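Okay, structure first, notes after.
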Number of protein chains: 2
Amino acid sequence: MNQKTEAWDRRLRSAGFRITPQRQLVLEAVTTLRHSTPEDILLEVQQTASGVNLSTVYRTLEVLEQVGLVTHAHIDHGSPTYHVVEEAPHIHLVCSRCQAVESVESDDFEKFSSKLESQKGFVVNIAHVALHGLCKNCADGRTLIIDNEFDI
Amino acid sequence: MNQKTEAWDRRLRSAGFRITPQRQLVLEAVTTLRHSTPEDILLEVQQTASGVNLSTVYRTLEVLEQVGLVTHAHIDHGSPTYHVVEEAPHIHLVCSRCQAVESVESDDFEKFSSKLESQKGFVVNIAHVALHGLCKNCADGRTLIIDNEFDI
DNA sequence: GTATATGCAAAGGGTTTGCACGGTT
DNA sequence: AACCGTGCAAACCCTTTGCATATAC
């Protein structure tokens with residue numbers, strides 16, 4: 001974890017940003033929570049002695065995203081969810097019924113997206129992909145999602 | 001176009017909703033604009049004599065989505081974009097740089113998603129898919145999107 | 001010491017809601 | 001006539017911004 005922290009710091013510093021307790025706290029929270037909204041992160045960091053202001057959370061996430069340490073995806077209708085940029089790229093599966101978020105490796109998706117690239121010239125930002133639907137539990141045998149069936 | 005209108009009306013009526021000028025106007029606007037935010041729709045319908053209130057636009061879109069006449073996808077960080085449910089299912093490609101929205105048929109995507117279904121049990125709502133990245137023009141030879149390269 | 005980051009509070013955008021009125025059935 | 005739908009305004013998120021203060025470098 002310490003090694004990770006050092007890498008984070010280097011990344012920030014090399015981009016000309018300063019290391020602050022708030023930035024470290026937010027980064028730890030994003031790591032711990034795995035998929036979290038700004039509000040989630042606020043609650044997490046507020047459990048520490050120092051605490052961080054909500055606007056600082058927003059500004060920090062912006063910075064962390066700029067330097068490539070975190071990304072976000074639009075998981076539901078509300079706030080975006082942030083997560084650390086990992087070694088293994090993955091895409092998000094979001095259940096429209098139970099709101100569960102699942103990460104799956106993107107290998108198969110990449111086959112599709114590279115085809116898209118060669119055919120249409122469109123280059124997909126894989127880390128940003130969030131697919132909505134029903135998770136295994138909630139699907140329960142269905143094979144087709146009717147658009148208006150859930151509040152999605 | 002008249003035939004379409006009748007089908008719309010039937011759909012609404014059979015679901016127990018009433019036919020109102022506002023609902024017809026919104027539906028026409030969504031059709032005309034192809035990919036539009038509530039605000040876009042408001043501007044479009046305000047060009048008519050009657051006009052429609054913004055909150056009615058929202059409520060109408062909710063109804064139209066419930067009865068399966070329109071869907072929405074989360075195209076950018078802001079408002080969702082609505083479009084009519086078409087015969088040919090398609091997914092959306094959204095350029096992070098120029099904001100252009102492209103529709104492509106979902107055949108290839110479905111190959112991926114059915115694999116996802118058999119392997120993970122996750123059933124993707126295809127109409128809701130919006131992939132972010134760079135369009136042909138903006139990609140301009142790139143083959144990898146760095147997450148923080150654009151404000152996405 | 002200087003430039004950057006933070007906290008606070010206020011403003012901003014998008015969306016939802018309560019209520020009285022108007023229109024559809 | 002009864003009920004549903006609309007307009008209006010207020011309320012409600014979530015996010016951004018301005019400014020004075022604090023802090024990293």
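First the proteins, then the strands, lettered A, B, ... as listed; each starts at 1. On a predicted model such as this, the values are computed, not experimentally measured, just so you know. As a basis for the values below, the full set of heavy atoms in this structure was taken, side chains included, without hydrogen atoms, waters or symmetry mates.
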Spacing of A/Leu43 atom CG and A/Asp40 atom CG [to the nearest 0.5 Å]: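 With rounding to 0.5 Å, CG (A/Leu43) is 6.5 Å from CG (A/Asp40).
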* To do: Hey, could you give me the OG/CG distance between A/Ser55 and A/Leu42, rounded to the nearest 0.5 Å?
  =>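 Going from OG on A/Ser55 over to CG on A/Leu42, the span is 9.5 Å.
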Between atom [atom1] in [X] and atom [atom2] in [N], what is the gap in whole Å?
X	N	atom1	atom2	result
A/Gln24	D/dT23	CD	P	15 Å
A/Asp40	D/dC14	CG	P	10 Å
B/Asp9	C/dT25	CG	C1'	14 Å
A/Glu39	D/dT16	CD	P	14 Å
A/Gln22	C/dT4	CD	C1'	12 Å
B/Leu25	D/dG5	CG	P	16 Å
B/Arg23	D/dG5	CZ	C1'	6 Å
A/Asn53	D/dC19	CG	C1'	14 Å

| said: Please confirm whether the shortest side-chain N or O distance from A/Thr56 to OP1 or OP2 of C/dG7 is below 4.0 Å. | reply: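 For C/dG7, OP1/OP2 do have a side-chain N/O of A/Thr56 under 4.0 Å.
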Choosing from D/dG7, D/dT16, D/dA24, which nucleotide comes nearest the side chain of A/Ser55?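 Given the options D/dG7, D/dT16, D/dA24, the side chain of A/Ser55 is closest to D/dT16.
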First encountered from the 5' end of DNA chain C, between B/Ile19 and A/Thr20: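 Residue closer to the 5' terminus by nearest nucleotide: A/Thr20.
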field: The single option from A/His128, A/His35, A/His72 passing ring-ring contact (aromatic ring centres under 6.0 Å, His included) against A/Tyr82
entry: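 Passing option: A/His72.
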- Message: Tell me whether the rings of B/His90 and B/His83 are parallel (<30°), tilted (30 to 60°) or perpendicular (>60°).
- Response: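 Because their plane-to-plane angle lies in the 30° to 60° range, the rings of B/His90 and B/His83 count as tilted.
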With nearest nucleotide decided by heavy atoms, which residue, B/Val52 or B/Arg18, maps closer to the 5′ end of DNA chain D?
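This one resolves to B/Arg18.
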Item to complete: Remember a base hit wins even if backbone is also touched, and classify A/Arg59 as base, sugar-phosphate or nothing at under 4.0 Å, heavy atoms.
Response: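 A/Arg59: base contact, heavy atoms under 4.0 Å.
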| message | Considering every strand and a 4.0 Å limit on heavy-atom distances, what is the contact class for B/Leu54: base, sugar-phosphate, or nothing? | response |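 Counting heavy atoms under 4.0 Å across all strands, the contact made by B/Leu54 includes a base.
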Discussion item. Is there a side-chain contact between B/Thr81 and B/Val101 in this structure, where contact means two heavy atoms from C-beta onward sitting under 4.5 Å apart?
Written reply: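 Contact flag for B/Thr81/B/Val101 side chains = no.
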